[in-house]
Amino acid sequence: MDISGAYDSILYDIAGGFSLLVLLLAGIVCIVWDIFENDEPVLPFVAAMACVVGIVWEVRNLDAGSSTVFYDSIRAYGLASYINITILLSALATVILSVPYLKRIKHGYGEVYALIVFATAGAVMMGTANSLVTVFVGLETMSISLYILAGLVRRDEGGIESALKYFLLGAFSTGFFLYGIALLYGATGTMYLPEMASGFIERGELTLLFWAGIALFFVGFLFKVSAVPFHMWTPDVYQGAPTPLTGYMSTASKAAAFAALVLVLYYGLAPMPVAAWQTALAVVALVTMVLGNLLALVQNNAKRMLAYSSIAHAGYVLVALTAGTSQGYAGAVYYLLIYSLMNIGAFGVMALLEWDDKEGRLQTIDSLAGIGFRKPLLGVAMGVFMFSLIGFPPFGGFFGKVAVFAPAIEAGYTWLAIAGVLASALSGYYYLRVLYVFWMRTEEQADPAVRARAFPVSFSSAAVVVTCALVLLVIGFIPYVRDLTQIYFDASVFATMP
Amino acid sequence: MQIPDLLSVVIFLPLAGAVLTMLARGDQAIRVIALVTMTATFVLSLFLWIGFSVEDAASLQFVSGGFSLISEAVDIKYLVGVDGISLLLVLLTTLLGPIVVLSSWNYITQHRKGYYSLLLILQTGMTGVFCAFDVVLFYIFFELTLIPMYFLIGIWGGEERIYAAVKFVLYTMAGSLLMLVAILYLGHVAGQAVNGGVFTADYAKLLEFNVPISTQAWLFVLFALAFAIKVPMFPFHTWLPDAHVQAPTGGSVILAGVLLKMGTYGLVRFCLPFFPNAAADHAVLFGTLAVVGIIYGALVSRAQPDAKKLVAYSSVSHLGFVVLGIFAFTLTSLQGAMIQMVNHGLSTSALFLLVGMLYERRHTRAMADYGGIARSVPLLTFFMVLTVLASAGLPGLNGFVGEFLILAGSFGSSTPAMAVLTAIATTGVILAAVYLLWMLSRMFFGPVRREENRVMPDLNRRELATVVPLVVLMILMGVVPQPFLARSEPATARLLELIDEKQAAAPAVPTPVSPKKRPTSPEPLPEGAQPLEAKAAIPGYKAQPVRAIKHSFVLQMQDPR
């Protein structure tokens, strides 16, 4: 590696990795500040500001040509900015929602915000990685922070269960992942994604070592995005963790894992004949959509239901990846943005309507009967999120669905798209259920504890929820948001291998 | 007088009203805003009738919009217009708007703000469905109607409202999602063939494309399923009685008056011209299902003890006629179907309104609880008799015009089986008279069986205002149907020509689309470090300009030969 130009390129690198650096800096500031002023109330503000600065910076770079920084280890500008915005928006919403929530459950420690920021830094690193090592480092930074956050409430056995399950299974899957990386390195002789691609083209053959590596590698990824059959941890972990942080896990961390998968598939493996894993991905996508939605049907707990729903949504994204075309990858990236907005919103509403003092672990959806008329703002917002999650126009979820199913149809996977829409029809039942409990049951049918409770909504939380809902209402009609994703992927790089 | 973008105003004025309603305070203000918005929309829509050029009824008029939706890189636009097929349905929708608001005036006492704003949003969705000339836009409006309807049934409905609301949404959604897949596929293959490889949802461009016969078969099924559920055709009708009976009166009126027409309209607008060969192949199947629906709906209606349920099932029967007329492929029958859609919208809405008024007075819908009320409510009885006769197809009223044209036209269809089906369908007219007159006699005539029925307030001015326009139109369309028929005739005639042309032109199997360009030599991979200045210079991305839309184009297609 030639480092003679290091000094010249350092400014360029700082500009490219600016939001990552800001996050890391903010994380350190939070930790150090917390040492001197324990649980200083300004800490969440520092974390939120880091996210805002990152978002503003990345918005400026959305249409810049993609490039790599820090010796090709991470990507910057363009696609990377788009992914970072998705992650940072989820993180920002999480921080804002967490403040009143954690204050209420008396766990508003300063470290929490440092951990959220570090997890976000890991997510950003992973979601913009240009080398397998960066993917791994990002993954670990993110996961370890999340293991701690999942078990934040130590007095609650559910939270401990959540954290322990997440940690054990996460560590296990990381093992697969790392082993896969090792084998891939053995097969290709490089950790850098573009070099993997050019290596394939030069050699023109794929070894057994490669196939073994890629299989293990996929297992690790599919675990992180909670695709069936690697989804078992999701419901328990989501149910036990503090609600805003569950929202974070289902959005930012999932978006980062999917983004890394997209980068690996596109930059690292695109020249290979995609048919090789298309079938595998198609099968995984199919069972993920069907099983996720089927199991969500029978859930009584809102967080558990949303956990299974997030499994199903991972299936929709996999449909787009199955297509294996530039359109498919673009659709997946677009879907992740919209999915993050609607899921963080839904978890936000559930966090605000929590009454069981066990982080919502024990409360059923039915207990909230008639809450819509008491809390119309939350009720209407929940209506937007649920209809958007089903995929109803004019909400963002519909445009997301079009973006993931259309490429699959164009690539000849019409059957998968049909299975996908039938699965979403199935999902209609449980999403509509939330709404009929909220709006169509009477308050007399609600749990007495719910009727006795006031459910105060802080201005900042309401602002987050309402903003998510409003953005979902208009995002589909802004072609710019969709078109950006399409310029990031170049159709000519696919399957150039004989 | 020319109003720019009149049609867009007609579509979105109710939406603006909905926002106003949400911001308004006080029950009176909310109702007044809703009524004023709906009335203003109706008045504006009258300019569509006035300005509509009958000679050019086959072409798109009052075209508005043309800008991209979703993405600049694909051909999906906001594009609305009316032609002869949609004009009457748009007017029917806007007419029913103020009527529904008036009918809910005192009936809806809880959560008025939500009710009226949902009603207004629904109005936008329904009007948009009939005006959209872009398939994706159509789909957006089509689905948009479900959301308000879900809440209208579920919040303000009867005892079983939640079951009915969820069933209604799930049923129709399952169908329309499958249609979405078909739309995406069709837009893709049509884009490859006629739009330079760019996905297109533009109605005119999709018409230019002749779908290969082998592809038509399954695309037709996916499209037709969505519409068959919406109509609803036997055996997909089971959501309808639940939804109708549980919905509040206003919701039933909209369901019967407009929402069901979206199904038949979709069949005419999309299924026939896009997939003419498949439609012809399935004509007998659809004709048979339609006739089964006619007879079945009538028989089930006869067996209902509940007046509202009777009216609900009668819709299954009446819309069977419309579907029969559509799939007979003759000008007469298609014209009959067009007018019958409006007729059904008028008469069934009036029936639901009148039954709703009785319910408001006595809080029961069971026919056994009434009897001999003609003496206590003579005005209501008068309008009921007129409506029933119109619905049963008495000459001189509108129902006769539609049913006669459908039956006469279907009998003359070139498909021999159609004649047989028509003969069977004709008995449905008799059955309709049986169940409707039976209801009339049990509820309104005969001895007074219940004391409380002896004194009942008759129609007040507000209620009169809801029924009179409908009844006047029933008589008007029955006596002078020509102006109404004339407006749709050029469009339906053109549609049938188009079907013939396209049937002949459709290739048997898909022509292989040239595979995506694959460079023979390995392309340089997506870059290492690029300079920051390289903004938006990514190779391979072709910004596809969306073609400018000609205002008012004729749906004329070039003969490929």
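Just so we're on the same page: letters track the sequence lines, and every chain starts at 1.
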Please identify, among B/Leu144, B/Leu146, B/Leu177, B/Leu222, the residue contributing the most non-hydrogen atom pairs under 4.5 Å to chain A.
B/Leu177
side-chain contact (heavy atoms from CB on, under 4.5 Å) assessment of A/Leu426 paired with B/Leu170
CA-CA 8 Å; A/Leu426 206 61; B/Leu170 286 186; over 6 Å; no
Identify which of B/Ile70, B/Ile155, B/Ile140 forms the greatest number of heavy-atom pairs closer than 4.5 Å to chain A.
B/Ile70
How long is the span from the CE atom in B/Met173 to the CZ atom in A/Phe387, to the nearest 0.5 Å?
9.0 Å
Sorted by chain and number, sequence neighbours left out, side chain to side chain contact (heavy atoms under 4.5 Å, CB included) with A/Ser73 holds for A/Phe70, A/Thr134
Check each atom of B/Phe142 against the heavy atoms of chain A and say whether the ones under 4.5 Å are side chain, backbone, both or neither.
neither
Looking at B/Tyr150 and A/Leu432, would you say the former's side chain and the latter's main chain have a donor-acceptor pair under 3.5 Å?
yes
Is the count of non-hydrogen atoms from other residues, nucleotides or ligands lying under 6.0 Å from A/Phe477 atom CZ greater than 12?
yes
Walk me through it: do B/Leu180 and A/Phe405 pass the test side-chain contact (heavy atoms from CB on, under 4.5 Å)?
CA-CA 10 Å; B/Leu180 178 63; A/Phe405 288 143; 5.6 Å; no
Please report the interatomic distance CD1(A/Ile478) to CG(B/Leu69), rounded to the nearest 0.5 Å.
11.5 Å
Closest non-hydrogen atom pair, A/Pro393 against B/Glu143
CG-CB, 3.3 Å
Between A/Met440 and B/Ile153, is the side-chain contact (heavy atoms from CB on, under 4.5 Å) condition met? List the steps.
CA-CA 9 Å; A/Met440 298 176 196; B/Ile153 298 175; over 6 Å; no
So, the side chain of A/Asp483 versus the backbone of B/Ser71: is there a donor-acceptor pair under 3.5 Å, distance only?
no
So how far is it from B/Ile162 CD1 to A/Leu435 CG, rounded to the nearest 0.5 Å?
11.5 Å
Who wins among A/Tyr480, A/Phe398, A/Tyr436, A/Phe373 for the most heavy-atom pairs under 4.5 Å with chain B?
A/Phe373
Between A/Gln486 and B/Ala73 the two heavy atoms that sit nearest each other are OE1-CB, 3.3 Å
Worked verdict on A/Glu410 versus B/Phe199 for side-chain contact (heavy atoms from CB on, under 4.5 Å):
CA-CA 10 Å; A/Glu410 286 165 20; B/Phe199 180 96; 4.1 Å; yes
Checking an interface table here. Which of residues 110-120 of chain B come within a heavy-atom distance under 4.5 Å of chain A?
B/His111
Residue part contacting chain A, namely of B/Phe141, when any heavy atom lies under 4.5 Å
neither
So, the part of B/Tyr78 with a heavy atom under 4.5 Å from chain A: the answer is neither
With sequence neighbours left out, write down each residue that passes side chain to side chain contact (heavy atoms under 4.5 Å, CB included) with A/Leu377, or none if nothing qualifies.
A/Ala462, A/Val466
Taking side chain as C-beta onward, heavy atoms only, is A/Leu422 less than 4.5 Å from B/Leu178?
yes
Using the side chain to side chain contact (heavy atoms under 4.5 Å, CB included) criterion, which residues pair with A/Ser388? Sequence neighbours excluded.
A/Met342, A/Phe395, A/Leu472
